[in-house]
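What follows is a set of notes on a single structure, which appears directly below.
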Amino acid sequence: MSGTDVVVVGAGNAAMCAALAASESGARVTVLEAAPREQRGGNSAHSGGAFRVSYDTADDLLRIMPDLSESEIEMTDFGSYGRDQFFDDLARLSHYRADPDLAAVLVDESHETLAWLGRLGVRFLPIYGRQAVRSNGRFKFWGGLTVEASGGGRGLVDALHAAAELRSISVLYGARARSLVEGSGGVAGVRFAMDGEDRVIPASAVVLACGGFHANAEWRARYLGPNWDLVKVRGSRFNTGAGIEMALALGAMSHGHWSGCHSVAYERNAPPFGDIDLLGQQKNSFPFGIVVNARGERFFDEGADFRNYTYSNLGRAILAQPGGFAWQIFDARVAHLLTDEYRIRQITKVAADSIEGLADQLDGVDRAGFLRTIARYNDAVDVETPFDPAVKDGRAARAVEPVKSNWANRIDKPPFLAFAVACGITFTYGGIGIDPDGRVIAQAGDPIPGLYASGELVGGLYYDAYPGGAGLMSGAVFGRRAGANAARRAIGLRRCDAGL
Ligand SMILES: Cc1cc2nc3c(=O)[nH]c(=O)nc-3n(C[C@H](O)[C@H](O)[C@H](O)COP(=O)(O)OP(=O)(O)OC[C@H]3O[C@@H](n4cnc5c(N)ncnc54)[C@H](O)[C@@H]3O)c2cc1C
């Protein structure tokens with residue numbers, strides 16, 4: 001820990017990208033990780049490892065997935081996901097509030113940043129299982145999300161740490177950062193607790209990458225609103241807003257959607273925090289069925305868009321229902337389209353050969369209300385338009401409220417299936433302001449010397465909804481920038497001190 005130029009707080013994707021970029025730029029780097037080694041890597045380790053990246057052709061994908069075989073390329077319609085589309089998705093889903101300068105950098109550097117991670121040893125694969133549909137012997141990708149890290153989030157974090165080890169980046173586990181040290185020229189180090197002792201690590205630059213505040217029940221109730229203290233946490237228990245608090249204490253600008261967060265439909269009886277070894281508690285196949293509340297009523301358009309663009313708001317919608325729970329309903333017609341998350345043992349599932357038999361088992365649901373909903377919904381389905389899960393097929397149920405805009409099928413083919421879900425929070429959207437170089441900015445808009453940030457604790461990119469896979473991508477793009485710029489400053493100061 002002696003002779004550190006740059007301290008990185010956190011050891012997830014954003015942090016390790018910053019640490020690796022700083023090291024590549026010649027800085028001596030120390031990483032502080034609050035978690036013990038076996039739980040390192042925060043939400044990144046809990047994640048599916050999917051990265052939203054722009055590409056025009058399969059050749060672009062080959063550059064980041066050089067292992068793709070000719071037969072894979074032949075049997076797959078990867079489509080394209082151009083820069084404009086990525087930028088438009090960020091703008092549209094945030095209701096045009098996303099910071100355009102940050103969004104432009106994220107989009108423009110997404111491809112090159114994955115290529116950089118590839119050079120560092122992270123291997124990428126196509127997400128055939130969750131993001132492609134097979135029809136007539138070919139796979140077709142449908143939602144702009146094509147690439148995942150080998151081994152998912154855990155594989156990504158292990159690969160990043162292996163790269164850090166090769167470069168002699170020191171990682172201190174069980175090291176919880178508590179505050180920033182200020183010097184005459186800016187940030188001069190970090191105070192942290194480790195092994196029951198308070199310690200200080202001096203440095204010329206600090207990169208904060210220690211996540212948002214999703215694991216802090218008190219902040220959730222304070223900023224997200226009533227009952228958010230009750231929700232399940234999908235990921236790391238270590239992200240409590242510490243980095244945000246440390247930066248605000250130094251005058252950083254609070255930025256972004258502080259009352260907004262990413263939250264999904266999640267196993268109703270899941271444990272309170274995520275378990276890295278027990279992935280798959282989210283339930284995202286709702287576009288192919290319907291979702292009912294305690295009154296047995298539908299409460300949102302399950303087919304409004306591809307799930308990658310709607311899933312991040314569903315937890316909030318469920319929390320607002322009576323009792324804060326819902327049931328997802330499917331029949332045999334679509335059971336084969338349910339993702340693997342619906343086939344794990346830790347699941348609250350009921351099945352029946354009749355819809356009445358299913359109604360009897362829906363814990364907490366008004367039976368008559370549910371049967372009425374099914375009857376009205378079945379009557380409203382447009383059976384003339386062909387069903388196609390790979391496109392927005394326009395097969396709607398319009399004469400019901402709310403409408404279902406796509407992928408509507410009558411629910412009449414036994415066996416019938418139902419899954420109980422509640423709100424699971426993934427991460428929070430509000431945080432601190434940065435400029436495109438990853439420098440933390442103060443309320444007046446000027447950078448705080450020596451302070452950089454990346455990842456979940458940065459505000460300004462996501463408002464209301466979120467395009468799946470943008471979290472890891474933005475952490476990597478801005479982590480890399482923040483790390484390189486932190487190193488530049490630290491090395492510059494080192495040279496000044498040496499009188500060079
Ligand atoms: C179940 C799940 C699935 C997801 N799937 C995807 C996906 O497929 N694609 C995608 O893009 N996004 C996904 N996400 C979101 C994604 O995980 C996050 O956007 C991203 O990982 C955030 O990275 P980060 O580096 O900012 O934070 P994290 O990865 O959470 O890292 C924060 C780090 O800071 C440490 N820390 C916290 N406080 C302190 C402190 N005081 N001192 C020192 N260290 C501290 C933590 O232990 C951790 O190491 C998923 C999230 C979850 C929970």
Side-chain angles (χ1 to χ4, degrees), residues 7-19 31-37 39-53 110 127 130-131 145 147-149 152-154 156-157 160-161 171-180 190-194 206-216 232-246 261-264 266 270 273-276 278-282 284 308 311-312 341 424-429 431 453-458 461-462 466-476 478-479 482:
V7 171
V8 176
V9 181
N13 171 61
M16 296 314 291
C17 287
V31 171
L32 304 181
E33 164 62 302
R37 190 182 188 286
Q39 291 182 55
R40 72 182 178 191
N43 265 359
S44 304
H46 287 260
S47 79
F51 281 80
R52 183 164 291 261
V53 57
S110 60
I127 318 176
R130 288 178 291 139
Q131 296 289 330
L145 191 50
V147 179
E148 69 185 344
R154 168 73 71 77
L156 167 70
V157 166
L160 292 170
H161 277 267
V171 181
L172 303 183
Y173 292 103
R176 186 168 56 84
R178 301 180 59 179
S179 61
L180 295 164
V190 179
R191 287 186 200 86
F192 66 104
M194 190 175 163
V206 173
V207 182
L208 295 173
C210 46
F213 59 88
H214 69 260
N216 183 333
K232 313 266 184 195
V233 170
R234 293 180 64 201
S236 164
R237 60 173 65 227
F238 294 95
N239 295 11
T240 56
I244 297 174
E245 198 165 27
M246 288 190 275
C261 68
H262 183 300
S263 63
V264 302
Y266 195 67
F273 290 101
D275 176 345
I276 297 183
L278 180 56
L279 296 178
Q281 307 251 58
Q282 75 272 24
N284 288 337
N308 289 347
Y311 77 122
S312 65
E341 288 92 357
I425 187 168
T426 319
F427 65 91
T428 44
Y429 293 160
S454 174
E456 271 175 10
L457 82 180
V458 166
L461 272 170
Y462 319 123
Y466 154 99
L472 290 175
M473 197 67 255
S474 68
F478 292 106

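Just so you know, ligand 1 is whichever comes first in the structure, and atom 1 is the first atom listed for that ligand. Everything numeric in this text was worked out from a predicted model, so none of it was measured.
Comparing T426, I425, L472 against atom 52 (C) of ligand 1, the shortest heavy-atom distance belongs to T426.
Distance from atom 21 (O) of ligand 1 to its nearest protein heavy atom, with residue and atom name: S44 OG, 2.8 Å. Scanning the protein heavy atoms around atom 36 (N) of ligand 1, the nearest turns out to be C210 CB, 3.6 Å. Protein heavy atom nearest atom 35 (C) of ligand 1, with residue, atom name and distance: E33 OE1, 3.3 Å. The protein atom (non-hydrogen) at minimum distance from atom 13 (C) of ligand 1 is S47 CB, 3.8 Å. Scanning the protein for heavy atoms near atom 41 (N) of ligand 1, the closest one is A177 O, 3.1 Å. The shortest contact between atom 17 (O) of ligand 1 and any protein heavy atom is with N43 O, 3.2 Å. The nearest protein atom to atom 26 (O) of ligand 1, hydrogens excluded, is given as E456 N, 2.8 Å; this is a heavy-atom distance. What sits closest to atom 5 (N) of ligand 1 on the protein, heavy atoms only, is G48 N, 3.1 Å.
Atoms of ligand 1 lying under 4.0 Å from at least one heavy atom of A209, given by number and element, are 32 (C), 33 (C), 34 (O). Close contacts of ligand 1 with V9, meaning ligand atoms under 4.0 Å from a residue heavy atom, involve 42 (N), 43 (C). Taking a cut-off of under 4.0 Å to the non-hydrogen atoms of L32, the atoms of ligand 1 that pass are 43 (C), 44 (N). Contact atoms of ligand 1 toward Y466: 10 (C), 11 (O), 12 (N) (distance under 4.0 Å to a heavy atom of the residue). Short contacts between ligand 1 and G10, defined as distances under 4.0 Å to a heavy atom of the residue, involve ligand atoms 33 (C), 34 (O), 35 (C), 44 (N). Less than 4.0 angstrom separates some heavy atom of R176 from each of these atoms of ligand 1: 41 (N), 42 (N). Counting atoms of ligand 1 from 1 in the listed order, those under 4.0 Å from a heavy atom of G455 are 26 (O).
In terms of polar-atom proximity, G469 is counted as a contact of ligand 1, with an N or O under 3.5 Å from an N or O of the ligand. Residue A14 has at least one N or O atom closer than 3.5 Å to an N or O atom of ligand 1. For the pair M473 and ligand 1, the shortest N or O to N or O distance does not fall below 3.5 Å.
Every residue two or more places apart in sequence or in another chain that forms a salt bridge (Lys or Arg N to Asp or Glu O under 4.0 Å) with R178 is listed here: D198.
The part of A242 lying near ligand 1 is the side chain, judged by heavy-atom distances below 4.0 Å.
Judged purely by distance below 3.5 Å, without hydrogens or angles, the side chains of D275 and Q281 never pair a donor atom with an acceptor atom. Donor-acceptor pairing under 3.5 Å is lacking for the side chains of S312 and Y462.
Note on ligand 1: S236 sits outside its first shell, no heavy atom being nearer than 4.0 Å. Ligand 1 lies nowhere less than 4.0 angstrom from a heavy atom belonging to G274.
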